[in-house]
Number of protein chains: 2
Amino acid sequence: MKANSPSTVSIVLRGLSEKRNISDATKKKVLEAAKTLGYTPNMQSKLLRSNLPNLPVITLFWDSTTRQYILGSFLKGIQDSIVSNGFTYDLQVKPYAVDHLEESMTARTLMESNGIIICNASDKDIEFLENNDLSVPIVLYNRYSDKYPTVNMNDKEIGKMAADVFIRHEKTRPALLTSVPNFEGMVIRENTFKDILNQNHISDIYRIVVDDTPSGGYMGVLEILKSKPLPDCILCSSDNIALGAIKAFYDKGIKIPEQLELISIGNGNRDLEEYSTPSLSVVSLPLEAMADACLTRISRAITDLSLVSDSR
Amino acid sequence: MKANSPSTVSIVLRGLSEKRNISDATKKKVLEAAKTLGYTPNMQSKLLRSNLPNLPVITLFWDSTTRQYILGSFLKGIQDSIVSNGFTYDLQVKPYAVDHLEESMTARTLMESNGIIICNASDKDIEFLENNDLSVPIVLYNRYSDKYPTVNMNDKEIGKMAADVFIRHEKTRPALLTSVPNFEGMVIRENTFKDILNQNHISDIYRIVVDDTPSGGYMGVLEILKSKPLPDCILCSSDNIALGAIKAFYDKGIKIPEQLELISIGNGNRDLEEYSTPSLSVVSLPLEAMADACLTRISRAITDLSLVSDSR
DNA sequence: TTGAAAGCGCTAACAA
DNA sequence: TTGTTAGCGCTTTCAA
């Protein structure tokens with residue numbers, strides 16, 4: 001059987017047979033061959049051929065396992081930053097599972113990205129990054145690293161703000177409801193928090209480790225309620241935890257903030273922050289500003305060719 | 001000045017000068033030229049050249065203006081579906097602003113996508129889609145269209161479920177706290193809801209239109225509280241609205257569900273559904289199942305070349 | 001130390 | 001009605 005020429009095949013495959021007077025026989029032959037071969041068009045080639053202007057691609061890696069509801073806010077921050085800075089970038093988001101960043105950063109993704117922003121990587125993910133020489137500019141958000149540029153909120157300040165609420169409200173019996181710290185920022189926040197309380201002569205901090213989920217917070221509170229004397233103020237390391245904690249207090253008939261004050265470090269669930277019932281004090285994290293900083297940073301890395309100083 | 005050959009330039013630009021014994025003069029020349037020209041590597045070309053196997057690209061368009069916290073859940077549903085079905089796809093998410101889908105669906109994006117899933121398009125966005133012949137397989141999620149395949153939850157069933165709660169709990173004075181319906185499904189839900197109440201001889205439904213935000217819900221409830229007699233059960237069209245409503249009742253000292261029952265159509269804010277305080281009845285939407293259906297549908301469209309039946 | 005040529009998959013222009 | 005050729009931007013192989 002005679003093979004068809006590339007152009008004929010191209011025409012048929014794009015559904016232009018009629019317009020270009022391709023015979024039904026040829027059309028049928030091509031479509032059948034495509035089907036048996038499981039043909040899928042290669043979009044890179046199409047794009048290349050199209051002569052559309054080249055647009056740098058920025059890939060945002062997002063931990064889809066835990067940080068679900070924040071993505072929207074962060075993304076919005078990025079978008080706004082792109083617009084307000086007049087950048088022209090092709091933004092794409094890739095979800096990944098905690099501890100499995102490696103599997104998501106395929107050779108392909110690396111190859112199609114001019115710059116990469118990695119959000120909320122776990123220690124294991126960071127380890128992968130540090131141990132490999134990736135050929136693309138990378139910025140880590142909310143994490144610390146010697147190897148890559150990072151964008152961090154001021155974790156000390158966050159710890160301080162939480163402690164300040166305690167002190168301002170003249171609380172004396174603090175409790176800490178936290179998940180296992182899975183990134184350095186959490187440790188910094190907690191340490192600063194403790195340090196400042198210590199400086200104010202409060203050293204006895206009841207600390208409970210729970211899952212970073214509402215049910216974790218719920219169960220944590222049940223545990224806390226067994227202690228005597230009861231704490232008079234609880235700091236939750238995330239609003240996930242706070243959500244469950246509120247519910248537990250409600251179910252147990254304990255009034256917030258009258259009987260017991262609740263403070264949360266808010267990861268961007270703005271609705272929760274404003275409309276939680278009853279109100280809790282939230283140390284709010286500047287998500288949008290951080291997104292903006294990430295974009296600015298990666299943008300610099302992309303522009304700045306000197307970053308491609310020889311690797312060996 | 002003599003031009004350098006492509007290969008030399010390529011070597012320098014990838015930071016391999018040292019390894020490949022490029023003279024410092026040449027290296028400097030190339031880097032400077034790149035800088036003044038504002039060179040950015042074309043990743044399509046790199047990918048093409050790399051001989052990595054071709055991976056079909058699925059683009060998920062997400063309305064980033066309103067539906068922020070759902071994205072995580074939906075994305076997770078997609079991811080899980082990819083894994084469990086053994087698909088190999090390159091998934092990318094593109095945010096867009098309501099009513100501005102057109103601007104986000106650039107020629108470039110169309111050209112780099114083998115298939116597109118569009119979520120939560122507004123009527124205006126749908127209009128754009130219907131009026132244009134896009135050359136890529138498209139699936140609409142949560143919307144109705146004659147032109148494109150759609151994936152919808154059973155909106156009648158949702159309306160029915162909400163009505164059933166009213167009836168089961170023997171309520172007689174219903175109120176509806178809804179945002180302006182911006183997609184057909186909302187209308188279907190509301191109509192079914194009313195129909196069923198009517199069938200049960202409840203025809204007097206107090207209806208208030210508010211913003212689809214917590215503060216919308218808050219203000220809506222304040223309005224409702226002015227009415228006599230008070231409704232005994234309120235249906236909120238989204239959990240955004242419900243969140244504000246709860247807060248309003250709390251602030252006004254009205255007990256839920258004892259004094260007044262609250263029902264919400266939940267858009268996937270699972271935390272809220274489980275841990276709202278006090279509890280509200282939520283008609284939960286099957287987000288993950290929908291995501292799976294979207295992926296299956298677009299996958300079929302991509303595979304099924306007969307879909308490229310002649311356009312003219 | 002640098003350059004020339006080929007080819008990744010695709011499509012447009014032109015030729016047959 | 002179909003085929004040939006060139007070229008999108010890149011990297012690799014081989015030659016100079």
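Each chain gets a letter, A, B and so on, in the order the sequences are listed, and its residues count up from 1. Owing to the predicted nature of the structure, the values given are computational and were not obtained by experimental measurement.
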Answer with yes or no whether the side chains of B:S10 and B:R14 bring together a donor and an acceptor at under 3.5 Å.
-> yes

Which residues pass the salt bridge (charged side-chain N to carboxylate O under 4.0 Å, His left out) test with A:R108, sequence neighbours left out?
-> A:E112, B:D90

Under 4.0 Å between a side-chain N/O of A:N4 and OP1 or OP2 of D:dT2, yes or no?
-> no

Rounded to whole angstrom units, what separation is found between the CG atom of B:L13 and the P atom of D:dT12?
-> 13 Å

Quick one: which of C:dC10, D:dT1, C:dT2 gets closest to the side chain of A:S23?
-> D:dT1

Look at A:S10 and C:dA12 and indicate whether a side-chain polar atom (N or O) is within less than 4.0 Å of OP1 or OP2.
-> no

Keeping to residues at least two apart or across chains, list the salt bridge (Lys or Arg N to Asp or Glu O under 4.0 Å) pairs with something in residues 116-125 of chain B.
-> none

Euclidean distance, atom CG of residue B:N21 to atom C1' of C:dG3 [Å, nearest integer] | 15 Å

Tell me, please, which residues at least two apart from A:N85 pass side-chain hydrogen bond (donor to acceptor under 3.5 Å, both in side chains).
-> A:S81

Which of the following nucleotides, C:dG9, C:dT2, D:dT2, is nearest to the side chain of A:I22?
-> D:dT2

Does a nitrogen or oxygen in the side chain of B:R14 sit under 4.0 Å from OP1 or OP2 of D:dG9?
-> no

Separation of C:dG9 C1' from B:L55 CG (nearest whole Å) | 15 Å

Please give, in whole Å, the distance from C:dT1 P to B:L16 CG?
-> 15 Å

Any residue meeting side chain to side chain contact (heavy atoms under 4.5 Å, CB included) with B:S50, in chain and number order, not counting sequence neighbours | A:M111, B:L47, B:L52

Check: protein-nucleotides 4-8 of chain D nitrogen or oxygen pairs below 3.5 Å:
| unit_1 | atom_1 | unit_2 | atom_2 | d |
| --- | --- | --- | --- | --- |
| D:dT4 | O4 | A:S7 | OG | 2.7 |
| D:dG7 | N2 | A:R49 | NH1 | 3.0 |

Integer-rounded Å distance: D:dT12 C1' and A:M111 CE = 13 Å

Earlier contact from the 5' end, DNA chain C, for B:N54 and B:I11 | B:I11

Among side-chain atoms of B:S238 and B:D212, is any donor-acceptor pair under 3.5 angstrom?
-> yes

Find the distance B:K46:NZ to C:dG9:P and express it as a whole number of Å.
-> 19 Å

For B:K147, the salt bridge (charged side-chain N to carboxylate O under 4.0 Å, His left out) test, sequence neighbours excluded, returns B:D133

When the distance from NZ of B:K19 to C1' of C:dT2 is rounded to whole Å, what number comes out?
-> 18 Å

Let me know, please, whether A:D24 or B:Q44 comes out on the 5' side of the other along DNA chain D by nearest nucleotide.
-> A:D24

A:L52 has an atom CG; how far is it from atom P of D:dG9, in whole Å?
-> 12 Å

Map B:R20 and B:M43 onto DNA chain D by nearest heavy atom, then report which one ends up closer to the 5' terminus.
-> B:M43

